[in-house]
Amino acid sequence: MAGNATKTKLDQTINERLAPNSLTVLERRYLKKDEDGKPVETPADMFARVAGNIASAEAVWGSTADVEAAAADFYELMTSLEFLPNSPTLMNAGRDLQQLSACFVLPVGDSMEEIFDAVRSTALIHKSGGGTGFSFSRLRPSGDNVKTTQGVSSGPISFMRVFNQATEAVKQGGTRRGANMGILRIDHPNILEFITCKRNGDFENFNISVALTEAFMEAVAAGEKYTLYNPHTKEATGELDAREVYQLIIDLAWATGDPGIVFIDRINRANPTPQVGEFEATNPCGEQPLLPYEACNLGSINLSRMLTRDGEGKASIDWDLLKEITHRAVHFLDNVIEVNRYPLPEIDEMARGNRKIGLGVMGWADMLIMLGIPYDSDEAVSTGAKVMEFIDTEAKAASRELAKTRGAFPNYKGSIYDTPEAEPIRNATVTTIAPTGTLSIIAACSSGVEPLFAVSYVRTVMDNDRLVEVNPLFEAVARERGFYSTELMEEIAGHGTVRGLDAVPEDVQSVFTTAHDITPAWHIRMQAAFQAHTDNAVSKTVNFPNSATTEDVRTVYDLAYELDVKGVTIYRDGSKDSQVLTTGASAKTGGEAGGAETAGDGRLEPRPRPEITQGRTEKIKTGCGSLYVTINWDEHGMCEIFSTMGKSGGCAASNMEALSRMISASLRAGIDPHSLIPHLRGIRCPSPMWAEGGKVLSCADAIGIALEHAIEYHETGREATAVSKHADKLDNLAGACPECGGVLEHESGCAVCRACGYSKCA
């Protein structure tokens, strides 16, 4: 009984520490469940499970007492929310799967056997919940001779399709699996096809990046041509104009968000084990360059909890606490390598040989707010560099301490650390800035080193109820300083930012900076500040407004090269099909009527359809393809709608037909078509589409748009094709969550729902 009472108190303590949304996400995605999908552990149980499992590694070097002490320490480390490991560790540690790594890089060799071995390995990794990165640069170009078959090669892009389809097949198993990163060197003969391969919506299971070389960037600067090489023969195959290719990358990134870029020579200059291999690819979000068959074992310190306050309440960084948490986190992550069950023996060998860990941060934007420092300021950039330099220095010190009792990583000899004067180190790398979308929900802090997504936004839930979500730090300041009101929070949600609002004091406006308040150059400067003191790389999205030009993108790419970052991911508002506007006040519309019939018992019934009608057909691009909406009139007014999707079939076609029939029946029953529009506009799906003047959020939204246009044409004789900006004003969102319908935030090259924890890339 005493044990049960203690456990109940412990559960209650942890639950009180966790925010309501944190508990929701843990229950939906992390806690162990029974066959009916009901949780069979509490958050406290989960943390105890993980702590005990990771601490079990102590038995290799110590005693039972060491295991128990480490388990208690790791439990407190996580439940304090001062540090959390990557999601697979929380989900799988101490369970049958025991696969604790988030991402992997697999080699893709230039033979059919090697290619399909990689496809098989990909399926196994995705089945275990991991993501994969590939370089397709070893594959011979399309049209090249294949001696074994007397045929010709189909090229790397055709084989990328095989990997894409394999990922899709694994996803059909019922659980969302990891994404892919595809990389091709800029000097591959098929580079132009690669750059444009996602232009028409293909390869939805891939992020893609171009590996830019120093020789290419020098050719861009000089306005010269550069050489293409056949990776099979190593021979030159031709030349391209460097500036034209650079501009094509920029144009496609501006238009679609892909490709990203990585500076591959710069990445390899930082390779700690060049004697083991060369970097060719990164993980799906780009922050972790990995050798073939390497895995990433990541964790993040919550910077929002690394603060102390003086007697007057002024916040400052608690350097002693940050040092302590860094050392404990390195200990934790090194143990993860020891107890991890990797999906392939080659991965196990590489992971244990280099023992790479990636300690990063989350809550950076929160820390700046509590320090009173605007994100887009020199002080913020210098503070970021100082914080990360401290973490990197202490992480290496912790790794060297571990090496004294556990030994250096096995591939130490020949590494960059292998010098006469150096102390051995346990881990080949110690720091990485990863995206922390779901982890930051659990820890109730901002994600990674990104700025705030929004200060306040409206979330539409069941039955179109609208809930105003307000950043807790902003709400606390607003209440303390007396300018909080529900009306102001609604206004901020519609405005998308506090900047420019007279009701918010100027000093508060400057500190509560959101992603789209910040000019793109500040994103790069912040990324560079953290990159300067990070072994691996920094996951960061450079946000652009929809009005940004390709020249704006080029300026950021040039600055990234100048400031020595390892790669860039940009996101121009509206550039991806998966973006949607989701906040603001609903539009109001008027109406027209016509011609209903009444049954004998008084029920309203649709009037019969006439033999001849007249109308108009409009083509509207949606995230699922082109939708053709036909709207017809009879002598009483609007009477029917037909909608056809060019590529649809099965459920999609039947659902569209059902929706059109119901709208048609409503129109012939005399329902004012104006009154139907609010019920259609604003409905979101996971694949919205940017269109002229606004966004098409779903097929239902498209029909609402067509209704608006048809009414205007019928009433004024004018044709309207632009999508009206109706309810939604906030531009930095990434779609509707396919699982809960909540808001997706686009950050660090991925899309995350902070309502349920869904992540497109995890």
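Hydrogens, waters and symmetry mates play no part in the numbers below; they use all other heavy atoms, side chains included.
Partners of Phe530 under the ring-ring contact (aromatic ring centres under 6.0 Å, His included) rule, at least two apart in sequence or in another chain, are Trp364. Not counting sequence neighbours, the partners of Ser135 by the side chain to side chain contact (heavy atoms under 4.5 Å, CB included) test are Ser137, Glu280, Ala281. By the side-chain hydrogen bond (donor to acceptor under 3.5 Å, both in side chains) test, Lys356 is found to be paired with Glu294, residues two or more places apart in sequence or in another chain being considered. Every side chain to side chain contact (heavy atoms under 4.5 Å, CB included) that Ser101 has, sequence neighbours left out, goes to Gln99, Phe104, Ala295, Asn297, Asn340, Tyr342. Partners of Asp110 by side chain to side chain contact (heavy atoms under 4.5 Å, CB included), not counting sequence neighbours, listed by chain and number: Leu139, Arg140, His232. Every residue was checked against the side-chain hydrogen bond (donor to acceptor under 3.5 Å, both in side chains) condition with Thr534, not counting sequence neighbours, and none meets it. When the side-chain hydrogen bond (donor to acceptor under 3.5 Å, both in side chains) test is applied to His523, the partners found at least two apart in sequence or on another chain are Lys540. For Ala236, the side chain to side chain contact (heavy atoms under 4.5 Å, CB included) partners are Thr227, Tyr229, not counting sequence neighbours.
Counting heavy atoms from C-beta on, the side chains of Met350 and Val276 come closer than 4.5 Å. The shortest side-chain heavy-atom distance between Glu346 and Pro292 does not fall under the 4.5 Å cut-off. Within the 4.5 Å cutoff, side-chain heavy atoms of Val210 are placed close to those of Ile195. When side chains are defined from C-beta on, Ile115 does not count as touching Val162, because their heavy atoms never get closer than 4.5 Å. A heavy-atom distance below 4.5 Å is not found between the side chains of Val108 and Glu114. For the pair Met362/Leu439, a side-chain contact is recorded, criterion being any heavy-atom separation below 4.5 Å from C-beta on. No side-chain heavy atom of Lys566 sits less than 4.5 Å from a side-chain heavy atom of Val538. Annotation: side chain of Pro451 is not in contact with side chain of Thr514 (no heavy-atom distance under 4.5 Å).
Remark: the backbone N or O of Ala221 is paired with a side-chain donor or acceptor of Arg243 at under 3.5 angstrom. Between the Asn86 side chain and the Leu298 main chain, a donor and an acceptor come within less than 3.5 Å of each other. The backbone N or O of His516 lies less than 3.5 Å from no partner atom in the side chain of Asn543, so there is not a single donor-acceptor pair. Between the Thr89 side chain and the Pro85 main chain, no donor and acceptor come within less than 3.5 Å of each other. Using a distance-only test at 3.5 Å, with no hydrogens or angles considered, a donor-acceptor pair links the side chain of Asn190 to the main chain of Ser142. Side-chain atoms of Arg572 do not come within 3.5 Å of backbone N or O of Pro545 as any donor-acceptor pair. Side-chain atoms of Asn536 come within 3.5 Å of backbone atoms of Thr431 as a donor-acceptor pair (strictly under, hydrogens ignored). The main-chain N or O of Gly155 is found under 3.5 Å from a side-chain atom of Ser153 such that the two form a donor-acceptor pair. Between the Ser440 side chain and the Gly437 main chain, a donor and an acceptor come within less than 3.5 Å of each other. No side-chain donor-acceptor contact under 3.5 Å links Thr282 to the backbone of Glu287.
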If you apply the rule side-chain hydrogen bond (donor to acceptor under 3.5 Å, both in side chains), what do you find for Gln288 with Thr432, and how did you get there? CA-CA 7 Å; Gln288 187 73 34; Thr432 301; 2.7 Å; yes
Could you walk me through whether Met526 and Ile518 pass the side chain to side chain contact (heavy atoms under 4.5 Å, CB included) check?
-> CA-CA 11 Å; Met526 189 64 76; Ile518 300 166; over 6 Å; no
Show, in sequence, the C-alpha distance, side-chain angles and deciding distance for Leu84 and Thr436, and conclude whether the side chain to side chain contact (heavy atoms under 4.5 Å, CB included) test is met. CA-CA 10 Å; Leu84 289 174; Thr436 59; over 6 Å; no
Exercise. Using the side-chain hydrogen bond (donor to acceptor under 3.5 Å, both in side chains) rule, take Thr213 and Asp187 through it: C-alpha gap first, then chi angles, then the decisive distance, then the call.
Key: CA-CA 8 Å; Thr213 63; Asp187 51 14; 5.1 Å; no
*So Val220 and Leu212, side chain to side chain contact (heavy atoms under 4.5 Å, CB included) or not? Walk me through it.*
CA-CA 11 Å; Val220 170; Leu212 303 184; over 6 Å; no
Would Asn164 and Glu168 count as a side-chain hydrogen bond (donor to acceptor under 3.5 Å, both in side chains) here? Give the steps. CA-CA 6 Å; Asn164 191 67; Glu168 193 65 33; 5.6 Å; no
- prompt: Hey, mind stepping through Gln527 and Ile433 against side chain to side chain contact (heavy atoms under 4.5 Å, CB included) and telling me if it holds?
  reply: CA-CA 10 Å; Gln527 181 177 346; Ile433 306 295; over 6 Å; no
One pair to check against side-chain hydrogen bond (donor to acceptor under 3.5 Å, both in side chains): Thr555 and Asp552. What are the steps and the verdict? CA-CA 5 Å; Thr555 299; Asp552 295 328; 5.4 Å; no
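Listed by first then second residue, pairs satisfying ring-ring contact (aromatic ring centres under 6.0 Å, His included) with a partner in residues 233-265 read Phe263-Tyr561, not counting sequence neighbours. Under the side chain to side chain donor-acceptor pair (under 3.5 Å) criterion, no residue pair touches residues 233-242, with sequence neighbours excluded. For residues 555-565, the set of pairs meeting the salt bridge (Lys or Arg N to Asp or Glu O under 4.0 Å) definition, not counting sequence neighbours, comprises Arg266-Asp564, Arg554-Asp558. Listed by first then second residue, pairs satisfying ring-ring contact (aromatic ring centres under 6.0 Å, His included) with a partner in residues 192-228 read Phe216-Tyr226, not counting sequence neighbours.
Residues Phe159 and Phe136 place their aromatic rings such that the two centres sit no closer than 6.0 Å.
When all heavy atoms are compared, the tightest approach of Ala529 to Val381 is CB-O, 3.5 Å. The minimum heavy-atom distance between Ile524 and Val565, with the atom names listed, is O-CG1, 4.4 Å. Considering every non-hydrogen atom in both His126 and Ala179, the closest pair reads NE2-O, 3.8 Å. Looking at every heavy atom in both residues, Pro259 comes nearest to Ser209 through CB-CA, 4.3 Å. Among all heavy-atom pairs drawn from His188 and Pro156, the shortest one is CE1-CG, 3.6 Å. In terms of heavy atoms, Val449 sits closest to Tyr375 at O-OH, 2.6 Å.
Remark: Glu349 CD is loosely packed, at most 12 non-hydrogen atoms of other residues, nucleotides or ligands lying under 6.0 Å away. Counting heavy atoms of neighbouring residues, nucleotides and ligands inside a 6.0 Å radius, atom CZ of Arg120 does not exceed 12 of them.
Disulfide check for Cys103/Cys296 passes, with the SG atoms closer than 2.5 Å.
Each of Ile183, Asn271, Val105 was evaluated against Phe279; a single residue qualifies, Asn271, per the side-chain contact (heavy atoms from CB on, under 4.5 Å) test.
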